[in-house]
Structure formats: structure tokens, C-alpha cells
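Accompanying notes for the structure given below.
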Amino acid sequence: MYIYDSVQKTKRKFEPLVEGKVTLYVCGPTIYDDAHLGHAKSALVFDLLSRVLRANGYEVTYARNITDIDDKIIKKAIKQKKDIKTITDFYTAAFHKEMQAIGVKHPDIEPKATESLDAMYALITKLIENGHAYQTSNGDIYFDTKSDSKYLTLSRRVQNEDERQERVESSKEKRNPADFALWKSVKDDSVTFKSPFGKGRPGWHLECSAMIEKHLAYKDKPYAIDIHGGGADLLFPHHENEAAQTRCATKHKLANYWMHNGFVNINGEKMSKSLGNSFFLKNALREYDGEVLRFYLLSSHYRSSLNFNTKDLEVSKKRLNKLYRLKKRLFGLPYGEEKTAFGEKLLEALSDDLNISSALSLIDAMIAETNERLDTPGKHKEVKKETMANLGFIEKVLGFGVKNPYEYFQFGVDDATKAKLSKLIEARNEAKKAKDFQRSDTLREDILSYGVELMDTPHGSFWEKV
RNA sequence: GGUGCCAUCGCCAAGUGGUAAGGCCGCAGCCUGCAAAGCUGCUAUCCCCAGUUCAAAUCUGGGUGGCACCUCCA
């Protein structure tokens with residue numbers, strides 16, 4: 001297994017801290033709104049990573065947090081005159097539902113900020129004790145970036161205070177402009193948590209460090225965890241700050257490998273909630289099968305950016321259709337668990353920093369070869385057995401082809417239409433039987449007018465939603 | 001202004017020193033009552049310039065263009 005480490009900026013052979021085990025932590029969403037395609041991509045990338053690691057025999061512990069303490073959540077709660085928890089529960093449930101729709105497995109651990117306050121307090125206390133944090137007169141607690149000689153080594157930035165554009169109103173008592181809040185004191189009664197440092201709210205960067213210590217960290221290794229992942233925009237300042245907190249509060253560094261996924265863009269521009277150009281996952285799911293979205297968002301390399309457009313999405317759909325047509329051809333046959341040459345090659349491609357393009361080209365070649373073999377006369381017992389093992393492996397490691405192929409091709413068609421189509425097909429079969437091809441062709445036109453494709457096979461006539 | 005990433009066929013996209021994968025589209029053919037599906041065949045010398053090398057899309061230098069981060073962000 002090889003992983004591109006975005007801190008060392010090179011592809012490195014993956015060596016776990018503990019033989020046979022992997023600890024993986026990914027920064028999850030702040031749940032104040034619906035997830036867009038960018039959130040989906042991030043979740044998909046690390047879902048794929050965990051699957052590939054497992055296929056390589058590693059025992060993986062995968063944690064992805066949910067940030068449920070945040071100013072935007074509070075703002076929304078106040079605006080809608082709702083409880084914070086009402087907001088966060090709603091969007092958490094929606095997030096889970098949408099993740100399931102695109103085949104993202106639930107992480108092993110899903111810590112929430114509200115459930116990790118003790119760990120955060122412990123971390124702050126340590127940092128104050130170690131002289132890496134200080135409290136201002138109004139109660140805020142800041143991390144002292146100057147006290148950490150390794151600060152900025154993660155993102156490799158150059159500290160240049162003179163030219164640093166300070167765009168956020170910050171406390172006059174901050175020792176350095178770069179110092180970031182560990183604890184924000186809040187005087188009013190809006191939303192606060194009781195802590196040893198007074199009433200307030202924790203800083204955003206703190207929760208990840210705290211959750212990692214609480215749920216995943218090795219206590220006796222040079223790194224807390226093996227792999228830390230997240231969107232490319234998190235490298236600075238979020239991950240830089242997380243790394244600083246962990247480094248200064250504990251005896252280990254945060255992560256051995258850092259992975260950052262590229263963005264989903266719209267019209268060449270980053271998709272983000274604040275830019276207001278989000279394409280929400282829930283809307284995409286109304287138009288497309290979740291697996292098509294999964295395929296599309298995973299079809300380009302995880303580190304490169306993806307310019308969202310429906311044309312390419314349609315191409316992904318066509319490509320996935322081919323897999324499902326092969327599945328249809330072998331419908332009802334049992335999956336095998338045996339290893340195949342194809343499976344090994346596929347895993348090898350994916351184990352090279354998740355080279356999805358190579359993996360997909362291997363799948364296309366396998367599909368074409370299998371179809372060709374099945375086209376020749378004979379029973380093809382061996383071919384079928386091998387193919388079912390291949391399909392099973394693709395499902396397991398990539399999450400493609402997990403549905404019933406007939407249902408897959410009926411996405412978005414209501415029952416009344418389905419019934420009508422059945423009747424039309426029946427009538428057409430009768431016309432064909434009677435060799436009344438004119439009527440048969442007229443009926444086909446009727447069938448096609450429902451936006452479906454019709455195909456005659458040795459097993460009967462079927463339609464597929466285009 | 002600082003830092004970093006990227007530029008491969010009409011479109012999407014691998015490959016990072018050894019002579020350009022794959023998909024979509026298009027064209028031709030096989031199959032089919034006709035179709036669809038499937039299969040077969042055909043289609044690029046890698047943004048520009050200079051250099052290193054027996055050999056470069058792949059390394060170095062210089063351009064040009066695009067994007068991201070430096071502020072909440074996946």
C-alpha cells in the first residue's frame with residue numbers, strides 16, 4: 001500500500017504503527033446545513049481508503065467526527081427559534097441517510113463535539129500547564145503559537161506577521177496574531193458549556209485533537225494515529241493547529257500520514273456553502289441513483305479537483321451501466337469468495353494511492369472480456385464462477401454494483417409507469433410472435449416515449465431507464 | 001503580496017526517465033425481423049521556449065494559462 005503524504009509531499013509506502021492495524025481519523029462535517037457534493041466526495045474518498053486498507057488485510061479503526069458545536073449552528077438555531085440539538089439532530093440524520101444512499105459505510109466511531117468536552121478540557125488544561133496556552137482578561141484561552149517551535153511545519157508556511165492579512169476581529173490581548181482560540185468565553189446565556197475555565201464554547205480546532213486522544217490514540221507510539229484525512233482546505237489552519245495542540249499537549253505527534261482530498265468545483269470555482277454555489281447531495285439524489293453519484297465523485301483521483309457537470313455525470317452513469325448489464329447477464333448466480341487474478345490487479349491499482357483510473361480501466365477490460373467469452377456458444381461454467389468472484393470483489397472494495405441490476409435500471413420510474421410498460425411489452429411480444437413487425441415497431445415507439453430503452457434478450461424483453 | 005497545486009485526443013482521465021491505459025462522443029463492421037445491448041477495428045507525441053540524457057509527457061530553468069490556501073470551509 002502506498003499513500004501520498006500531503007505533508008511530506010511524496011508518495012510513501014504505508015507502514016502502520018502497529019502491525020496489521022490502522023487508525024484513521026477524518027474531519028467530518030459541521031452540521032448546520034445539507035451536505036453538498038464536496039462533502040460527499042470527502043466521505044467517499046475515505047470510505048474507499050478504509051475499504052482498500054481492509055482488503056489489504058488491515059484491521060481498520062475509522063473515526064469521522066461530527067462537529068455539532070459551531071457559531072453557524074447557533075446562528076441558525078437562534079434564527080429559526082429552535083434548540084441547537086433540534087438543528088444538529090436533523091442534519092445529522094439527513095447526513096447519515098445521504099451517506100448511505102451513496103454507499104458510504106458508517107465509520108467505526110463517530111464522535112461528536114458535544115460528547116467530547118471532557119477530553120477538550122483535559123487538553124486545554126495540559127496546554128496551560130505546559131505553557132503553550134494562556135487566558136486573557138475576558139476569559140478566552142489562546143494557543144501560543146510562538147511557544148511551539150514546530151508551528152507551521154505541517155503546512156510549510158512562512159510566518160510573516162507584517163504581511164499577514166488579519167481579516168478577523170481578534171482580541172487585543174492575543175500575544176501573536178496567529179494565536180488561535182482554544183476556548184471562547186461567552187458572557188451571555190445563548191449557548192454555553194460549563195468548563196473549569198468558565199462559561200463558553202470550545203475552539204473548533206480543539207475537538208479533533210481531543211477526540212483523537214480519547215478514541216484512537218496510541219499512548220506509546222511516536223504518533224497518535226496512522227492516518228489523518230480531510231479536505232484540502234483543512235491543511236491550514238485547521239490541521240496545522242490540531243497538530244500543534246497534540247504535539248504540545250502530549251508526548252506524540254498527531255499523525256504519521258496526512259491525506260487531503262481535492263475539491264468539487266462548479267464552473268471552475270470551489271463549491272462551498274459560503275460561496276453559495278453548492279450543489280446539494282439531496283437534490284442530486286433526486287435525479288440520479290446514489291451509486292451513480294458515488295461512481296462519478298470517485299471516478300477522478302481523490303487529490304485532483306473535479307469540475308462538476310451533468311455531462312460527465314452522465315458518462316459515469318453509462319460506465320456504471322455496463323457493470324450492471326454484466327450483472328444482469330449473470331443474474332441469480334451466487335458470489336464466490338475466491339481470489340482471482342483480476343481481483344489482485346484491481347487491489348494493486350487501488351493500493352497505489354487509490355489509483356481509481358487504473359482500477360476502472362481494469363474493470364472495463366474485465367467486462368469486455370467476460371462479455372466476449374459469454375458470447376461464444378457453451379455453458380461457461382468457469383467464466384461465470386470467476387466473474388461472480390470478480391463482481392463480488394468490486395462490490396466489496398469499490399462499492400459498485402451492490403444493487404439488484406433490474407431495479408438499478410428502473411431508477412425514478414413509478415409503479416404505474418412500470419405496469420404500463422409491462423403491458424406494452426407483452427403486446428409487442430405478441431405482435432412479434434405473429435410476425436406483425438409494423439405493429440411491433442409502433443409499440444416500441446410507444447415504449448421508448450416513456451424515456452426508456454428496450455432490449456430483446458434470450459431471456460425476454462426488458463426496458464431500462466435512460 | 002506570500003505559499004502551493006495543475007496544464008495529456010472534441011470531452012473526462014491514467015501514466016512521472018524507456019518510447020502515450022481506459023471511458024464518452026464519432027466512423028466502419030459482426031450480431032438482430034428492425035433496434036437496443038454486447039463484441040471487433042479505427043482516432044493524440046503530451047501548453048510554449050531552452051537545457052540535461054543514448055532516451056523526457058515524465059528531470060532542470062524560464063514563460064503563458066488555470067485553480068487553491070493565507071478567513072468559516074470537505
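These numbers were taken from a predicted model, which means no experiment stands behind them. When reading the values below, keep in mind they use all heavy atoms of this one structure, side chains included, and skip hydrogens, waters and symmetry mates. In what follows, chains are A, B, ... by sequence order, proteins preceding strands, each numbered from 1.
Here the P atom of nucleotide G38(B) and the CG atom of L323(A) are 12 Å apart, to the nearest Å. Nucleotide C72(B) holds its P atom 14 Å from the CG atom of L235(A), rounded to whole Å. The CG atom of L362(A) sits 15 Å away from the C1' atom of A13(B) (whole-angstrom rounding). Atoms NZ (K432(A)) and P (G33(B)) sit 8 Å apart, rounded to a whole Å. A straight line from NZ of K435(A) to C1' of C34(B) spans 13 Å, rounded to a whole angstrom. Atom NZ of K270(A) and atom C1' of C70(B) are 12 Å apart (whole Å). The interatomic distance linking N176(A) (CG) with C70(B) (P) rounds to 19 Å, in whole Å.
Closest contact between the side chain of D312(A) and the listed nucleotides C34(B), G23(B), C11(B) involves C11(B). Comparing atom distances between the N265(A) side chain and each of C67(B), G33(B), C24(B) picks out C67(B) as nearest. Taking only side-chain atoms of K318(A), from C-beta outward, the nucleotide of A74(B), A14(B), C25(B) with the closest atom is C25(B). For R157(A), the side-chain atoms get nearest to G2(B) when compared with the rest of A74(B), G2(B), A14(B). Ranking C25(B), G23(B), C34(B) by closeness to the K322(A) side chain, first place goes to G23(B). The side chain of S304(A) has A14(B) as its nearest neighbour among G22(B), G4(B), A14(B). Closest to the side chain of R325(A), out of C72(B), U40(B), A37(B), is A37(B). Nearest to the side-chain atoms of H301(A) among the listed nucleotides G38(B), A14(B), A35(B) stands A14(B). Nearest to the side-chain atoms of E453(A) among the listed nucleotides C34(B), A36(B), A21(B) stands A36(B). The D375(A) side chain lies nearest to G38(B) when the options are A13(B), G38(B), A35(B).
To the nearest whole angstrom, the two P atoms, one in A35(B) and one in C30(B), are 11 Å apart. Spacing of P atoms, G18(B) relative to U71(B), comes out at 42 Å, to the nearest Å. Across the P atoms, C11(B) and U16(B) are found 23 Å apart, a figure rounded to whole Å.
For S361(A) against G23(B), a side-chain-to-base donor-acceptor contact under 3.5 Å is absent. Between the side chain of R319(A) and the base of C24(B), no donor-acceptor pair of N or O atoms lies under 3.5 Å. For N355(A) against G15(B), a side-chain-to-base donor-acceptor contact under 3.5 Å is absent.
Under the 6.0 Å cut-off for aromatic ring centres, Y25(A) and H228(A) qualify, their centroids lying closer than that. In summary, the aromatic rings of Y62(A) and F46(A) are positioned with their centroids too far apart to meet the 6.0 Å limit.
Across all strands, K311(A) comes closer than 4.0 Å to no nucleic acid atom at all (heavy-atom distances). V26(A) comes within contact range of no nucleotide atom at all, as no heavy-atom separation falls under 4.0 Å. Among the atoms of the strands shown, none is found under 4.0 Å from any heavy atom of R303(A). Within 4.0 Å of S316(A), counting heavy atoms only, lies no atom of the nucleic acid at all. As judged by a 4.0 angstrom heavy-atom cut-off over every strand, G38(A) is placed among the base-contacting residues. Residue G229(A) is classed as having no contact, given no heavy-atom separation below 4.0 Å to the nucleic acid. When heavy atoms are screened at a 4.0 angstrom cut-off, D233(A) is found touching base atoms of the nucleic acid. L234(A) comes within 4.0 angstrom of sugar-phosphate atoms only, judged by non-hydrogen atoms across all strands, and of no base. Residue contacts shown for E464(A) are absent, as no nucleic acid heavy atom lies under 4.0 Å away. Looking at heavy-atom distances under 4.0 Å, A35(A) makes no contact with the nucleic acid at all.
Where H39(A) and K11(A) each meet RNA chain B at their nearest nucleotide, the meeting point lying more 5' is that of K11(A).
The partner of G65(B) is C6(B), by the rule that a Watson-Crick or G-U pair needs both atom distances under 3.5 Å.
A side-chain donor-acceptor contact under 3.5 Å links N65(A) and T67(A).
With T417(A) contributing its side chain and V413(A) its backbone, the two residues share no donor-acceptor pair below 3.5 Å. Not a single donor-acceptor pair under 3.5 Å links the side chain of S358(A) to the backbone N or O of N355(A). The closest donor-acceptor contact from the side chain of D34(A) to the backbone of F280(A) lies at 3.5 Å or more, if one exists at all.
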Might you work through the salt bridge (charged side-chain N to carboxylate O under 4.0 Å, His left out) test for E464(A) and R325(A), ending with a clear yes or no?
CA-CA 10 Å; E464(A) 291 180 0; R325(A) 289 207 184 95; 2.8 Å; yes

